[in-house]
Amino acid sequence: MTPAQRIAAEFATSRVALAGFALLALVLLAAALAPWISPQDPYDLARLDLLDSRLPPGARSAAGTVYWLGTDDQGRDMLSAILYGLRTSVAVGFASTALGLTIGVSLGLAAAWLGGWLDALLMRLADLQLSFPSILIALVLLAVLGQGLDKIIVALVAVQWAYYARTARAAALVERRKEYIDAAVALALSNARIIFRHLLPNCLPPLLVLATVQVAAAITLEATLSFLGLGLPITQPSLGLLISNGFNYLLSGHYWISVFPGIALVLAVVSINLVADRLQDVLDPHERR
Amino acid sequence: MLSHIVRRVLQSFGVLAVMSLLVFAAVYAVGNPMDILVNPQSDQDEIARATAALGLDRSLLEQYFIFIKHASTGDLGRSFAFNVPAIGLILERMPATLELATAAMLIAVLLGIPLGLWAGLKPRSAAGRTIMAGSILGFSLPTFWVGLMLIMVFSVWLGWLPTSGRGPTTNLIGIPVSFLTLEGLRHLALPAANLALFNMSLLIRLTRSGTREALQQDYVRFARAKGLTETRIVGVHVLRNVLVPVVTVAGVEFGSVIAFAVVTESIFASPGMGKLLIDSISVLDRPVIVGYLCIVVTLRVRPGEAR
């Protein structure tokens with residue numbers, strides 16, 4: 001049995017985790033297939049009919065199609081808008097985590113392997129950054145950078161790298177004292193080979209758990225920033241922006257414009273957290289909370 | 001102890017200096033606030049005069065040193081947008097934020113610790129499981145969305161509580177507070193509950209795991225063997241040991257509660273520092289942004305874990 005199979009088998013013993021995994025698969029599938037399964041292209045203005053604006057869930061359009069989740073103030077089908085929004089949110093979450101993980105782990109491993117002033121500098125920098133709540137750092141960065149998909153990813157990476165760098169460094173410091181690393185050094189393998197082939201794979205378990213949690217955190221943070229009007233521009237609406245738009249109509253009782261995108265956001269975040277929780281139990285049994 | 005305090009204070013100054021320079025340089029790089037502040041119809045002369053009046057014609061380093069010189073006397077510069085001292089503007093909004101954060105922390109502690117204790121003592125019971133499921137939701141649900149749901153349920157559907165603002169304030173030793181009147185409390189209830197949610201979930205988890213750990217310890221077994229009542233065992237022996245890490249976390253989290261008040265204040269249109277920050281970011285009001293961050297750092301914002 002390979003380690004991956006063993007982990008998968010152990011993961012599957014929890015029914016809650018399996019349900020979370022199934023939900024996550026559904027969310028990812030919906031996000032990936034959004035352009036093909038949406039009843040309407042929500043950003044093709046020619047297809048929108050203002051007469052259909054703010055229809056409640058289940059209402060029929062003038063043309064006879066059913067708006068299962070209602071429409072927004074511009075007559076946009078909410079189900080389609082949510083599927084596209086989910087696509088943006090999920091993409092931003094995964095892209096920023098992948099980038100942050102790569103940068104953070106590289107810096108963390110470099111700090112642990114090389115030590116000295118580089119280690120001291122990187123860790124003080126991480127300490128400094130972690131002493132601020134992530135939302136403040138992201139807010140200030142976005143204030144400086146402005147709006148845009150690339151900018152929000154930069155902000156999310158900047159928020160995340162320190163977590164990965166610290167975790168990778170801590171794991172690498174423990175691993176590098178072990179005999180297999182001594183053996184690799186004695187074999188005169190190159191530094192790059194030792195780090196990537198021997199050290200990194202053994203540091204992965206805590207990093208994987210952290211990265212899973214961070215995807216959910218990144219999606220939430222992006223939604224929060226977009227809700228505050230500092231995240232994505234209106235041309236690339238994520239779930240946060242949809243919720244923010246719906247907030248304007250919440251007080252007049254048009255609940256569906258903000259509630260349904262919110263539910264989509266919650267489903268995505270909760271499913272990721274359920275998977276992360278189980279991964280932690282399986283991969284990192286000592287750190288059980 | 002003294003050397004520890006001195007070192008921490010020096011560290012705080014170091015953080016403050018590095019942070020203010022970074023933010024100053026960054027905010028400086030963002031484009032010209034004049035574009036937003038000056039009437040677009042004004043001519044070059046007028047723009048130049050207004051730029052000089054705000055000191056924006058000097059170099060970055062010059063501007064920073066002037067800022068530091070003034071900051072050491074407690075003057076953080078004048079707000080571009082309101083043309084009043086930034087520090088005054090922030091301090092004026094501070095009571096609302098501190099009141100909200102304190103109320104949120106109180107709710108989190110007063111509900112989180114008993115619930116966590118219950119879940120720890122009876123982990124297999126229906127109540128214990130419900131409490132834990134609730135705390136997982138509290139972690140996962142985005143704070144701002146919960147805020148919207150609170151407004152929808154309690155304000156729009158049930159009509160029990162107001163949706164925005166602070167309500168009437170009364171003066172308590174010169175500080176406007178709203179928790180002394182019923183109307184003020186009604187305004188405070190939803191935002192405070194919203195802001196409390198995350199930390200309540202955190203405290204439930206901490207208390208629960210602490211309780212479960214304590215119950216296995218020899219001193220609890222010994223107390224049982226001695227025939228002490230369950231109330232005394234839990235109230236004195238378990239709780240006292242559980243509270244140590246819990247109190248530490250509650251203190252540390254106060255800083256991030258203030259930071260997250262940015263979100264809650266925006267939703268509930270509460271006139272606090274956080275709302276001021278968001279408004280200032282949208283008009284590039286540099287002195288207020290820098291001032292807000294300096295004050296938050298001074299309030300010792302400690303590690304805000306990923307939320």
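When reading the values below, keep in mind they use all heavy atoms of this one structure, side chains included, and skip hydrogens, waters and symmetry mates. Within every chain, numbering begins at 1; the chains are lettered A, B, ... in the order of the sequence lines, protein sequences first and strands thereafter.
- Interface remark: B:Ile267 contributes backbone and side-chain atoms alike to the contact with chain A (heavy atom separation under 4.5 Å).
- Between chain B and the options A:Val270, A:Leu230, A:Leu225, A:Leu228, the largest number of non-hydrogen pairs under 4.5 Å is found for A:Leu228.
- Shortest non-hydrogen contact noted between B:Thr97 and B:Ala261 is CG2-CB, 4.1 Å.
- Put simply, of A:Asn273, A:Ile219, A:Asp127, A:Thr224, the one with the most heavy-atom pairs under 4.5 Å next to chain B is A:Thr224.
- Neither the backbone nor the side chain of A:Ala216 comes within contact range of chain B; no heavy atoms are under 4.5 Å apart.
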Enumerate, atom names and distances included, each donor-acceptor pair closer than 3.5 Å involving a side-chain atom of residues 88-95 of chain A, sequence neighbours excluded.
{"unit_1": "A:Thr88", "atom_1": "OG1", "unit_2": "A:Tyr84", "atom_2": "O", "d": "3.1"}
{"unit_1": "A:Ser89", "atom_1": "OG", "unit_2": "A:Gly85", "atom_2": "O", "d": "3.3"}
{"unit_1": "A:Ser89", "atom_1": "OG", "unit_2": "A:Leu239", "atom_2": "N", "d": "3.2"}

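- For A:Ile263, the parts sitting under 4.5 Å from any heavy atom of chain B are the backbone and the side chain alike.
- Between the side chain of A:Gln129 and the backbone N or O of A:Ala158, at least one donor-acceptor pair lies under 3.5 Å.
- The contact between B:Leu148 and chain A is made by backbone and side chain atoms together, counting heavy-atom distances below 4.5 Å.
- Of the listed residues (A:Leu141, A:Leu274, A:Ile243, A:Val159), the greatest number of heavy-atom pairs within a distance under 4.5 Å of chain B belongs to A:Ile243.
- Summarising the geometry, atom CG belonging to A:Leu267 is positioned 11.0 Å from atom OG belonging to B:Ser140; distances are rounded to the nearest 0.5 Å.
- Side-chain contact between B:Phe139 and B:Leu202: present, with at least one pair of heavy atoms (C-beta onward) separated by less than 4.5 Å.
- Evaluation of the ring-ring contact (aromatic ring centres under 6.0 Å, His included) rule for A:Tyr164 yields no partner, not counting sequence neighbours.
- Residue A:Leu142 does not touch chain B at all, counting heavy-atom pairs closer than 4.5 Å.
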